[in-house]
Protein chains: 2
Amino acid sequence: MGCDQTLKGLGYRLTPQRIMVVEALHGADEHVSAEEIYTQVKARYPYANISTVYRTLELLKELGLVTETDLGDGRVRYHPAEKGHHHHLVCHKCGKIIDLPESALFHLEETLSRDYRFQPDLKHLAIFGVCADCQK
Amino acid sequence: MGCDQTLKGLGYRLTPQRIMVVEALHGADEHVSAEEIYTQVKARYPYANISTVYRTLELLKELGLVTETDLGDGRVRYHPAEKGHHHHLVCHKCGKIIDLPESALFHLEETLSRDYRFQPDLKHLAIFGVCADCQK
DNA sequence: AAAATTATTGCAACTGCTTGCACCAACAAC
DNA sequence: GTTGTTGGTGCAAGCAGTTGCAATAATTTT
Ligand SMILES: [Mn+2]
Ligand SMILES: [Mn+2]
Ligand SMILES: [Zn+2]
Ligand SMILES: [Zn+2]
């Protein structure tokens, strides 16, 4: 089931603005910024406002339909949950971004769950550090 | 060796503003915000500017003398490296903050280092999720 | 001690993102 | 279909943090 029907099913109103945000989100490549989504939405409906984009992303986030990740450039990036989960290693020397499978954090999740009864919410994490090439 | 002498030793100028930022940082409890540091500095030197505070914190961060952590309220928090390393579990239902010893992430660090030759920079991480009390 | 050099500061403008509020439109009740 | 309710939107102002630039002051050279 898509984002639209989930929203509707949970009693949220399915406005044209929300539909356009969801479409822009799914159409763009992963790691889209709010500004990029706003640009796309505005092309279709010039009265659209960026705060509506942020509010829609916030809602989708609360419902677990998108993840939000700070990859270290000055803006936050969004990723639809439907496209699958993974994480990233971000080199703060050269800026390189390495993909990390979801499973790389399973052990940590288990530890936190077992030892602290804490259920971590690790869906699209960015871990900063130094990549192999930049270590010498 | 304190922050002041480290700065001086690396060729950075030891200005009154920097000294006051470092003193405020060490005097306050851990998890100080830039605004709180600014308030303290301004009480001693009213001409002080908040961008100088931010620039000093940025420099100390680059040198590994402070860590910066987003604990989920709207502002970033700073912690002097001298006071020791640890991490936090942050419940985004009730806001509770649980301390996590440095060692809890050693296994992850080893995995990333071994499998990806990536040296993660995990000095004062905040992991968001749901605490034991909020899981029912 | 004075002059020269250049890192650092204060200021104002700017960025990404959030929020209060009046107006509007999606959906439900009739 | 019309009316009413209430959640959602647009707008403008606000907040945390950053940045360009001219003035200033810490340090070096003479
Ligand atoms: Mn990704
Ligand atoms: Mn801490
Ligand atoms: Zn690198
Ligand atoms: Zn909790």
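Computed from a prediction, not measured in an experiment: that's the story for all the values here. Chain identifiers are assigned alphabetically (A, B, ...) following the order of the sequence lines, protein sequences preceding nucleic acid strands; residue numbering begins at 1 within each chain.
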Whole angstrom is fine here: how far is it from OH in B:Y38 over to P in C:dT9? 14 Å
Let me spell it out: for each of B:L14 and A:L59, pick the nucleotide of DNA chain D with the closest heavy atom. Which residue's pick is nearer the 5' end? A:L59
Does D:dG8 have its OP1 or OP2 closer than 4.0 Å to a side-chain nitrogen or oxygen of A:R18? yes
Under 4.0 Å between a side-chain N or O of B:T52 and OP1 or OP2 of C:dG10? yes
Does the gap between the ring centers of B:H124 and B:H86 come in under 6.0 Å? yes
Donor-acceptor contact present, side-chain A:E36 to main-chain A:S33, <3.5 Å: yes
Does B:Q17 have a side-chain nitrogen or oxygen under 4.0 Å from the phosphate oxygens OP1 or OP2 of C:dG10? yes
To the nearest Å, how far apart are B:M20 CE and C:dT9 C1'? 11 Å
How many whole angstroms separate atom CG of B:L57 from atom P of D:dG17? 10 Å
When you measure from the side-chain N and O atoms of A:K8 to the phosphate of C:dA26, is any distance below 4.0 Å, counting only OP1 and OP2? no
From CG of B:D4 across to C1' of D:dA26 the rounded distance in Å is 15 Å
Taking the six-membered ring for Trp and the single ring otherwise, decide whether the centroids of A:H85 and A:H79 are under 6.0 Å apart. no
Let me know the distance between OH of A:Y47 and P of C:dC24, rounded to the nearest Å. 13 Å
Please state how far atom CD in B:E62 lies from atom P in D:dT18, giving the value in whole angstrom units. 11 Å
Could you state the CD1-P distance from B:I19 to C:dT8, rounded to the nearest angstrom? 13 Å
What does the list of N/O pairs under 3.5 Å between the protein and nucleotides 17-20 of chain C look like, with a distance for each?
residue	atom	partner	partner atom	Å
C:dC17	OP1	A:V76	N	2.7
C:dC17	OP2	A:Y54	OH	2.4
C:dC17	O5'	A:Y54	OH	3.1
C:dG20	O6	A:R55	NH1	3.3

State whether the side chain of A:T67 and the backbone N or O of A:K123 hold a donor-acceptor pair below 3.5 Å, judged by distance alone. no
Counting the atoms with a prime plus P, OP1 and OP2 as sugar-phosphate, which does A:Y45 contact under 4.0 Å by heavy atoms, base, sugar-phosphate, or nothing? sugar-phosphate
Protein-nucleotide distance (A:Y12, atom OH; D:dG8, atom P), rounded to Å: 8 Å
Touch check for B:P16, heavy atoms < 4.0 angstrom, all strands: base, sugar-phosphate only, or nothing? sugar-phosphate
Looking only at atom types and distance, does a side-chain atom of A:R18 sit under 3.5 Å from a main-chain N or O of A:R13, one as donor and one as acceptor? yes
For the backbone of A:A132 and the side chain of B:R117, can you confirm whether one donor and one acceptor N or O come within less than 3.5 Å of each other? no
Please check if the number of heavy atoms outside B:K42 that lie under 6.0 Å from its NZ is greater than 12. no
